[in-house]
Structures are given as C-alpha cells and as structure tokens.
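Working notes, beginning with the structure itself.
Just so we're on the same page: letters track the sequence lines, and every chain starts at 1.
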Amino acid sequence: MSRNRSNRTRGAVNLHLQQQKPEAENAVPGPQGSCTTMCPLYELREREAHNRLHRFEILAGTEKDRRPRADVVRTVKEYSRPAAGKDSTRPSDLRPPSVLLKTTCYLIDEIAASPTLQPWTEVYSFVFDRLRSVRQDLIIQRCWGPECKAILERTVRFLLYASFRLCGEPLQLYDPKINDTHLQECLSWLLESYSQQHSTDTTQSQSSAQEEFHALNLLYNLGSTQMMQRVLELPMSMRSSPSVNLALLVSQAFVEQNPVRVLRLARRLDFLQVCALHRHIETCRRKLLLLYSHGYNSRNCRFPVSQLAILLGLDDALTAELCNAHGVTIQGQWVAFSKTQFIETPLTQLRCVKMHNMDMKQKDFNIRSIINGSF
Amino acid sequence: MAHITINQYLQQVLEAIDNRDGSFCAEFLSFKHPHVANPRLQLSNPEEKCQQVLEPPYDEMIAAHLRCTYAVANHDFVEAYKCQTVVVQYPLRMAFQAHKEDNWALPLMFAVALDLRIFANNAEQQLQKKGKGKVGDMLEKAAEQLMSCFRVCASDNRAGIDDSKKWGMLFLINQLFKIYFKINKLHLCKPLIRAIDSSNLKDEYSMAQRVTYKYYVGCKAMFDSDFQQAEEYLSFSFQHCHRSCQRNKRLILIYLLPVKMLLGHMPTDQLLKKYDLMQFADVTKAVSEGNLLLLNEVLAKHETFFIRCGIFLILEKLKIITYRNLFKKVYLLLKTHQMPLDAFLVALKMMQVEEVDIDEVQCILANLIYMGHIKGYISHQHQKLVVSKQNPFPPLSSIS
C-alpha cells in the first residue's frame with residue numbers, strides 16, 4: 001500500500017498530467033488492445049512471483065502463503081508511470097474499451113460499493129490507482145467513444161463521492177489535492193468529449209448525462225467565471241434542464257455574494273451534487289458571518305443563535321463552534337455581531353466533515369447506484 | 001503586382017534585401033499584398049527558381065512563402081498553415097546569424113507572424129467544419145512559435161536602442177494576446193505584461209500598438225475583476241484609438257461600458273447611438289432606476305450578444321448596484337432613517353424577484369453595508385434598517 005502512495009507524490013502527478021488526454025478524435029488511431037482480462041497475464045504472473053499483489057487481488061485461502069496466489073477474476077492492472085525504454089503499447093498489455101468498462105464496473109460494484117471491505121481509505125486507494133490505469137489504457141489507445149464517456153462518468157462520480165466521504169481523513173491516507181487534480185482532469189476530458197459529439201447524435205440518456213455533469217462541474221468549481229461562461233454557451237435545452245439551471249442559480253447567488261441564498265438552494269441538491277459543492281459550503285458560511293458582522297454591527301446587536309443556525313444549515317452547537325472560531329461573540333441565545341471582532345481565518349481548526357450537511361445521511365444511499373448513475 | 005513573373009518578383013525581393021529595406025521586403029512576404037493573388041507565383045515547387053536568384057536562407061523562406069500562396073489559392077488552409085510555420089522559422093534563425101546587430105528585418109517578422117496566426121485560425125475553422133481537430137491546438141502551436149520570436153526580441157541586449165530588436169516586442173505580444181484570448185488561456189498573458197511593464201520602451205512604441213496592447217490588458221483586468229485598472233487601460237485605448245477605426249472603437253466600448261457602469265458612470269444615449277450599442281441603453285436605464293425587473297428582462301433579451309462578447313457575467317454584477325439604487329428609492333420614499341425591512345421585501349417583490357423572503361433581504365442589505373453602498377446597520381430586534389443621517393447612500397463613484 002505504501003507503494004501506491006509513493007506513486008501519487010504530488011510533484012510527479014503534476015508533471016505527468018500534462019499529457020493526460022488522448023489526441024484529437026480523428027488523429028492517427030492508437031494501438032488496439034487485445035487483453036481480455038482485467039489484468040494482463042504477464043503482469044499478473046510478475047506481481048504474483050514478486051509478492052506484489054494487493055490483498056483485494058489475492059486468491060482466497062492463499063493469503064497466508066509465502067507467495068499468495070492471484071485470483072484471476074479479481075486482479076486488476078495497476079498504474080505504472082511511463083518510463084524511458086518501457087514499452088507501454090504492447091497490444092497484449094492493453095485492454096480494449098469494452099474490457100476497460102467492465103473493469104471500471106467491477107471496481108465500482110465489487111470494491112468501492114462493497115459493504116465488507118474495510119477501511120474505505122484503503123478501498124479508495126486501490127480503486128483510485130486501478131482507475132488511473134484504466135485511463136492510461138484509454139489514452140494510449142486514443143479512445144473517445146461511448147465506453148470512454150461511461151468510464152469517465154463513473155470515475156468522476158467516484159472521485160466526487162470520495163472527496164465527501166474521506167473529507168478530514170489524515171493526509172497519508174487521503175490527499176484532497178491529488179483527488180482534486182485528477183477530478184478536474186477527468187471532468188475536463190469528459191466535457192470535451194461531450195463537446196466533440198454532434199448534437200444530432202445524442203440520445204436522450206446521453207443528454208441527461210451531459211446535463212448531470214455540466215451541473216456537477218459548475219458546482220465543484222463554484223464561482224469560476226470560466227465554467228459559468230461555458231455553461232451559458234450551451235444550447236438552451238441543456239441550460240434550462242433542472243440540474244444545470246439549479247447549478248447556475250447556485251453559482252449566481254454565490255457570485256452575487258448572497259450566501260443565504262446559496263445555502264438555501266443547496267438544500268435542493270441531490271447527494272452527488274452536495275458532494276461536488278461541499279468544499280465551498282465552508283466558504284459560504286464564513287462569508288455569511290462576515291457579511292452579518294458588518295450588516296448587524298451595532299452595540300446592542302441581538303441576533304438569535306437559532307435563527308443563525310437555520311441560515312447556516314447547522315445545529316446550535318456547531319453554529320456556536322463556527323462563531324467562536326471566527327471571533328463572533330455569543331451571549332447565551334444571542335449573537336452579538338461586530339465587524340471589528342470578526343476573524344477571517346478561523347482560530348481553531350474547523351473540521352469540515354463535522355459540518356457536512358446533517359440531514360444527508362450517507363448511509364441511506366446506495367454507493368453502487370450513486371456511482372453508476374442510476375439512483 | 002498581380003501580373004509580374006516569378007523572376008521579376010524574386011528580383012524585387014533581392015533588391016529589397018540588398019537595400020536592407022525591411023518594410024518593402026515584408027510586403028513580398030505578406031498576404032495583405034496583392035502579389036499573393038498572382039497565379040504565376042502560386043507554385044507548388046518553387047525551390048529551384050528561388051535558389052537561382054536568392055541567397056540562403058532567403059531562398060528557402062521565399063520558397064515556403066510561395067508554396068503557401070499555392071495552398072491558399074487551393075483553399076487548403078491546413079497546408080497553408082504548415083507552410084507558414086516553415087516561413088516563420090527563418091526570421092528566427094536569421095536573428096541569430098545574419099541580423100545579430102540590427103533590426104531592419106523586424107517588419108518581415110511582423111508580417112509572417114501575423115499571417116501565421118491568421119492561417120492557424122483559418123485552418124482550425126476548416127477542420128472544425130469537417131468535425132476534426134481539437135479547438136485551440138493549432139493556435140497553441142502558433143503561439144509557441146510566436147513566443148520564440150518574442151524571446152529573440154526581448155533578449156536582444158547587444159545593439160543600441162535604434163537597432164534593437166526590442167522594438168518588435170509589443171507587436172508580437174499583441175499577436176500572442178489575440179491567441180490567448182481566443183483559446184481562453186488568459187493567465188498566459190501575465191509574463192508578457194510583466195515584460196512590457198519593466199521595459200523602458202513601453203511608452204515609445206507606436207500609438208496603434210499601444211492602443212491594442214492596452215485594450216487586451218484592460219479586458220484581462222476586467223475579467224480578473226480589477227475594475228479600476230480595467231477602466232484606466234480601456235479608457236486610454238478608447239481615447240487614443242483613431243477616430244477612423246469605428247469598428248475598433250466599438251469593440252473597446254463593449255468592454256469599457258460595463259466597467260464604467262460598475263463604477264457608477266452611466267453612458268449617454270448619444271454615445272450608445274453613435275456606436276450602435278443600444279443594447280446597453282436599456283441596461284443603463286434599468287440600473288439607474290433600480291429596476292431589477294427591467295434589468296433581468298434586458299439581460300435575457302440581449303443574452304446572445306452579451307454572452308458572445310463574454311460580458312454577460314460582468315453585467316450581472318450590476319445587480320448589486322441595481323439593488324442599491326432600488327433601496328435608495330425606498331429610503332427617499334419613506335423619508336426616515338429607520339426603515340422596516342418589510343419595505344425592502346415589498347420593493348423586491350414588486351420587481352418580481354423570485355423566491356425572496358425576509359432572510360434574503362437581510363443578506364442583501366448586509367452585503368450592501370459590507371461593500372460600503374449603505375452606511376448603517378440592521379436591527380434584528382426591530383426588524384429595521386437604520387441608516388446614517390449623513391449620506392447614507394454614498395455616491396457610487398466614491399466606492400472602489
């Protein structure tokens with residue numbers, strides 16, 4: 001597992017991600033993969049021989065052996081950094097798009113959504129790495145077709161879900177920056193492949209997928225004028241779809257500096273949309289306290305804590321904690337806003353995960369259907 | 001020009017080179033010049049002819065140029081672009097060899113750089129029509145070549161000021177700006193802006209080049225929400241843009257207007273009529289009257305135009321100022337310094353603002369107070385906005 005971690009050191013990620021999209025759709029076609037298993041046989045034997053199988057890949061019953069055996073139906077090709085002299089284009093090592101899609105579904109259905117595999121940080125680590133390898137095969141083979149989109153859609157949903165679920169985990173187990181880098185890459189690749197598709201070729205279900213991901217992109221990158229501009233340039237039918245429209249309203253409220261409206265609209269978001277938005281909610285709450293510290297700034301200010309709690313979408317206790325961290329005085333049931341006392345950077349380390357929208361009990365949701373997009 | 005033979009053409013080029021006449025020579029390489037329409041020059045293999053008359057490297061450069069005219073005559077812009085990339089390499093090479101100490105060939109560099117960008121544009125459009133090619137690919141590659149040319153100019157420390165290639169910097173920067181704006185990578189403009197800011201030539205370049213430069217920097221400042229700087233640069237650009245360039249003046253105005261409006265200066269109808277920008281007239285009216293309903297209607301009505309220009313999102317920022325104007329009207333109507341919050345809610349509802357309630361009214365007011373548009377505070381206990389007796393709604397121009 002430490003090997004997987006070293007593969008993800010930040011500097012390397014940044015350097016490597018410079019060429020992470022396949023070349024234009026009608027450029028010279030890439031090599032065609034012929035590997036029909038999730039892991040090329042060569043790699044399987046190699047890793048088995050050197051005891052480098054992940055515990056999710058080990059054949060049941062052989063875990064305690066000196067050299068555990070690989071379970072062929074559970075071994076998945078791992079990500080390996082391209083290196084000089086290493087030929088990563090051997091067809092027998094490359095999985096064609098149909099196999100890649102099956103691999104992705106296996107990783108989501110059997111690993112990410114598994115009710116028994118623990119801890120989820122390890123599940124994430126494994127799935128993250130294997131999905132990265134799936135994308136690598138797509139790039140080498142220069143795929144842009146429907147399987148590519150289906151794979152990217154699931155990957156984006158997985159990474160979004162992970163950003164929410166693992167929020168606050170220790171850095172060595174989950175690095176939000178790395179997750180973010182890959183998420184942005186996948187989103188950008190996915191949206192570009194949508195834009196290359198002619199609108200006449202798009203089916204109804206493909207349209208709804210596009211709407212879903214334009215909305216998620218907008219929410220994840222809340223406040224980005226570039227993303228908002230891109231959405232405004234979409235055809236009207238897509239712009240006025242419920243998800244895109246709602247995402248636009250949230251964006252506009254954010255840009256207009258109306259955090260009350262943002263937090264209110266956020267209650268209408270579905271689970272995955274909340275995952276996309278959640279890292280901005282902290283900013284909104286802070287903004288709200290800032291604005292109110294100025295707007296209500298007076299000597300005998302008495303603003304009910306319970307009212308503030310409703311606006312922030314938190315319970316009274318967490319509201320008090322947030323206020324204390326930002327220098328906002330609470331006296332019993334009242335908040336005494338003061339613009340001179342407000343502190344921008346919180347005094348204490350606030351754990352975002354504690355503030356995660358509380359009526360969004362993640363256990364109620366089926367991970368498998370969330371990531372496969374059928375909930 | 002449209003009738004000369006290939007030999008006559010090559011002789012003229014040779015003469016221009018011998019006389020070190022940069023501008024004259026540049027004409028023979030520029031697609032703005034009528035010689036490109038001359039079928040006698042549109043050759044697919046002009047190398048031998050060129051070698052007979054010209055010395056290297058001019059022979060190869062001109063040969064590539066003539067191949068390019070051939071491609072353009074056949075409407076093959078992808079091929080034209082490829083040829084042009086070859087042409088552009090020569091001024092670069094020459095700068096290091098034959099022209100180390102002088103800059104007479106700068107006009108040549110300008111002409112071929114301009115055509116490179118234009119062909120990259122055309123080639124991409126051609127590919128897009130066929131459903132091929134990624135948007136921005138060719139332009140990015142063209143930008144890389146132009147950057148090399150720029151670096152050659154910027155790093156010229158040898159020659160005295162009159163012979164320095166640094167005089168080429170601004171022209172090339174403007175070409176690069178045009179590409180970066182087109183491919184939406186504005187952040188790449190930053191190092192170029194820094195280069196000019198630190199250059200002692202920055203106010204010595206031709207006015208035309210400076211107007212163009214300030215236009216792009218002003219636009220970038222606008223997109224970065226630095227409205228003070230945007231106003232400064234765009235105003236300069238507008239004022240110094242030659243009166244005969246109506247199209248350019250209009251273009252500058254499209255970006256200057258939203259910036260000025262955000263700073264509280266509304267344009268006159270006269271100005272808008274003169275430049276055929278009446279779309280802004282209704283926006284101006286709505287904002288000054290505090291009429292949110294009209295503003296929303298106008299933005300929707302001219303949406304396509306505003307979105308295409310990229311100013312829709314900026315104009316939406318005028319909403320805050322419109323709120324301010326609306327609430328000022330409420331204050332003037334009620335003639336009191338302690339206004340019930342309900343009054344503002346009623347005003348917003350009259351403007352058909354959707355789903356607004358007293359909580360949002362408080363937030364909007366809090367934001368206006370925070371931004372300095374209202375001097376006062378909200379009293380939650382009394383559900384009132386209490387404003388200062390003196391100048392509770394400071395003039396917009398006084399707030400940054």
Less than 4.5 Å apart, side chain to side chain, heavy atoms only: is that true for B:Cys363 and A:Arg261?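 No, too far: nothing below the 4.5 Å cut-off.
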Take atom CD in B:Glu297; do more than 12 heavy atoms of anything else shown fall under 6.0 Å from it? yes
Any chance OH of B:Tyr377 has more than 12 other-residue heavy atoms, nucleotides or ligands included, within less than 6.0 Å? no
Shortest non-hydrogen contact from A:Leu232 to B:Phe312?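 So the minimum-distance heavy-atom pair works out to CD1-CD2, 3.5 Å.
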From CA spacing to verdict: side chain to side chain contact (heavy atoms under 4.5 Å, CB included), B:Gln362, A:Tyr296: CA-CA 9 Å; B:Gln362 293 179 27; A:Tyr296 285 88; 2.2 Å; yes
Which of parallel (below 30°), tilted (30 to 60°) and perpendicular (above 60°) describes B:Tyr370 and A:His294? perpendicular
Heavy-atom contact with chain B under 4.5 Å, split by part of A:Asn258: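 Its backbone and side chain both get close to chain B.
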A:Leu311, part contacting chain B, at a heavy-atom distance under 4.5 Å: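 For A:Leu311, side-chain heavy atoms alone lie under 4.5 Å from chain B.
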Looking at B:Leu368, B:Asp357, B:Ile374, which makes the most heavy-atom pairs under 4.5 Å with chain A? B:Asp357
Of the listed residues (B:Ile320, B:Asn184, B:Leu385, B:Val356), which shares the most heavy-atom pairs with chain A below a 4.5 Å separation? B:Asn184
A:Tyr292, A:Phe303, A:Phe337 screened by side chain to side chain contact (heavy atoms under 4.5 Å, CB included) with B:His380, the one that passes: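 Exactly one candidate clears the test, A:Phe303.
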Could you verify whether a donor N or O on one side chain and an acceptor N or O on the other, from A:Glu256 and B:Asn367, lie under 3.5 Å apart? no
Working to the nearest 0.5 Å, report the span between [atom1] of [X] and [atom2] of [Y].
X        : Y        : atom1 : atom2 : value
A:Gln226 : B:His187 : CD    : NE2   : 9.0 Å
A:Leu291 : B:Met371 : CG    : CE    : 10.0 Å
B:Lys317 : A:Gln257 : NZ    : CD    : 8.5 Å
B:Leu313 : A:Thr225 : CG    : OG1   : 7.0 Å

If you count heavy-atom pairs within less than 4.5 Å of chain B, which of A:Pro304, A:Pro259, A:Ser293, A:Cys301 leads? A:Pro304
Check ion pair A:Arg264-B:Glu360 (N to O, under 4.0 angstrom): yes
Quick one: does B:Gln381's side chain have a donor or acceptor within less than 3.5 Å of a partner on A:Asn300's backbone?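 Checking the backbone N and O of A:Asn300 against the side chain of B:Gln381, a donor-acceptor pair under 3.5 Å is found.
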For B:Leu365, is it the side chain, the backbone, both or neither that has a heavy atom under 4.5 Å from a heavy atom of chain A?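 It is neither, since no heavy atom gets under 4.5 Å.
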